[in-house]
Amino acid sequence: MAFKKLLASLGAGGASVETVLTEVNVVPGGVVQGEVRIQGGSVNQQIEGLSVGLQAKVEVEGGDQEYKQDVEFTKVRLGGAFEVQAGAVHVVPFGLEIPWETPVTMIDGQALRGMNIGVTTELAIARAIDSGDLDPINVHPLPAQKAILDAFVQLGFRFKSADLERGHIRGTRQKLPFYQEVEFFPPAQYRGLNQVELTFVADEHSMDVVLEMDKKPGLFSEGSDTFRSFQVGQHDYQGTDWAAYLNQWLAEVGSKRNWF
């Protein structure tokens, strides 16, 4: 039996873990609910700890290199230690809060290319950590975020892609160790622009909206970036014509720099 217990602690004949999400569609500030199902193996096993969290694949710049890194940005422990009987099924329900800064992965029912966010499950047995597969979730924009996204579409911008960058944007309410950039191709009337990158940094009250304008390089000049940020309330965003606001700002910045 001792040999069987050792094998079980190493994964042979041991418990298996499956995480089932009740609903994969969520919004920042919401809750993803589900349950962890632990199927007992050939012997009784003492589970030292069980936790669930959220994980994102983030781009990291190190020296002259860029690489992707899995970053767990929230984690919840589900109860204390317990024993799983051989052959028995142990079910642990959970509700995992979605941080307000969680990146958007879906816009108008379409998945954003480059986003990889999901629920992770960790089971600790005999001081060994067994991490399950990532269970993807679909993070839809908050109403205030959707208003800004819709304004870009109304102006003729087209979605290019999105990525997650490790680092911090100064002057914002950012708490997570990374931020999202949603990239747009500009319409013809903004002929001096190469692309526009949009970042949301939200909390329960309002959000920072950060825009980065990437100028097309000319024959005798290199491209350049211009940043702009403003705040949008989560509950009072409806009083502004955001398409007109964005168009006016783009026109002002572009004309000052002779981009358009």
Side-chain angles (χ1 to χ4, degrees), residues 28 56-62 64-69 71 73 100-107 112-117 139 141-142 144-203 206-218 221-233 237 240 242-260:
K57 193 171 288 293
V58 178
E59 290 189 7
V60 181
E61 291 186 7
D64 296 331
Q65 294 183 342
E66 267 194 9
Y67 59 94
K68 290 188 179 290
Q69 182 182 65
V71 175
F73 58 97
W100 288 93
E101 291 179 47
T102 301
V104 172
T105 68
M106 302 285 291
I107 297 179
L112 276 180
R113 291 191 302 273
M115 293 297 96
N116 186 3
I117 296 176
V139 185
L142 293 162
Q145 294 172 331
K146 191 174 187 307
I148 302 296
L149 292 165
D150 287 347
F152 273 99
V153 174
Q154 188 178 338
L155 290 172
F157 285 83
R158 293 179 294 113
F159 293 115
K160 177 185 177 184
S161 62
D163 60 14
L164 303 180
E165 301 277 350
R166 186 160 193 124
H168 192 275
I169 302 176
R170 287 183 297 174
T172 67
R173 68 198 73 210
Q174 183 184 344
K175 295 179 180 179
L176 295 184
F178 59 85
Y179 56 90
Q180 180 181 38
E181 291 181 336
V182 181
E183 301 175 354
F184 294 90
F185 288 119
Q189 65 262 34
Y190 305 115
R191 61 186 182 278
L193 276 182
N194 185 39
Q195 67 180 24
V196 173
E197 296 175 351
L198 168 66
T199 297
F200 296 120
V201 185
D203 62 21
S206 60
M207 64 183 178
D208 301 308
V209 180
V210 183
L211 300 177
E212 181 179 357
M213 299 172 63
D214 183 10
K215 174 184 175 294
K216 287 183 179 177
S221 65
E222 296 182 357
S224 61
D225 295 335
T226 295
F227 290 87
R228 159 78 168 177
S229 66
F230 53 91
Q231 291 187 6
V232 179
Y237 64 91
T240 301
W242 291 110
Y245 179 91
L246 292 170
N247 182 64
Q248 180 181 5
W249 177 75
L250 289 167
E252 287 178 357
V253 172
S255 61
K256 285 180 182 178
R257 290 163 175 76
N258 297 317
W259 289 4
F260 312 143

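All figures in this text were calculated on a predicted structure; none of them were measured in a lab.
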Short question: side chain of [X], backbone of [Y] - any donor-acceptor pair under 3.5 Å?
| X | Y | value |
| --- | --- | --- |
| T105 | V139 | yes |
| T199 | Q180 | yes |
| N247 | L155 | no |
| E101 | L176 | yes |
| Q174 | I169 | yes |

What is the distance from atom [atom1] of [X] to atom [atom2] of [Y], rounded to the nearest 0.5 Å?
| X | Y | atom1 | atom2 | result |
| --- | --- | --- | --- | --- |
| M213 | N194 | CE | CG | 11.5 Å |
| W100 | L142 | CH2 | CG | 6.0 Å |
| E61 | E165 | CD | CD | 6.0 Å |

*ring-ring contact (aromatic ring centres under 6.0 Å, His included) against F152, all qualifying residues, sequence neighbours excluded*: F157, F184
*For Y245, what residues pass the ring-ring contact (aromatic ring centres under 6.0 Å, His included) criterion, not counting sequence neighbours?*
F230, W242
Student check: side-chain heavy atoms of [X] and [Y] closer than 4.5 Å:
| X | Y | value |
| --- | --- | --- |
| P103 | I117 | yes |
| W249 | L211 | yes |
| L198 | L149 | yes |
| V60 | Q65 | no |
| V232 | F200 | no |

*Please list, chain by chain and in numerical order, all residues satisfying side chain to side chain donor-acceptor pair (under 3.5 Å) with K68, sequence neighbours excluded.*
E59
*Does Q69 have any side chain to side chain donor-acceptor pair (under 3.5 Å) partners at least two apart in sequence or in another chain, and if so, which?*
R166
*Name the one of R228, R173, K175 that satisfies salt bridge (charged side-chain N to carboxylate O under 4.0 Å, His left out) with D208?*
R173
*asked:* My understanding is that only residues two or more places apart in sequence, or in another chain, count here; which of them pass salt bridge (Lys or Arg N to Asp or Glu O under 4.0 Å) with D163?
replied: none
*salt bridge (Lys or Arg N to Asp or Glu O under 4.0 Å) partners of residues 147-162, not counting sequence neighbours, each pair once*: K146-D150, K160-E183
*Begin from the C-alpha positions of Y237 and I148 and carry the test side-chain contact (heavy atoms from CB on, under 4.5 Å) through to its verdict.*
CA-CA 9 Å; Y237 64 91; I148 302 296; over 6 Å; no
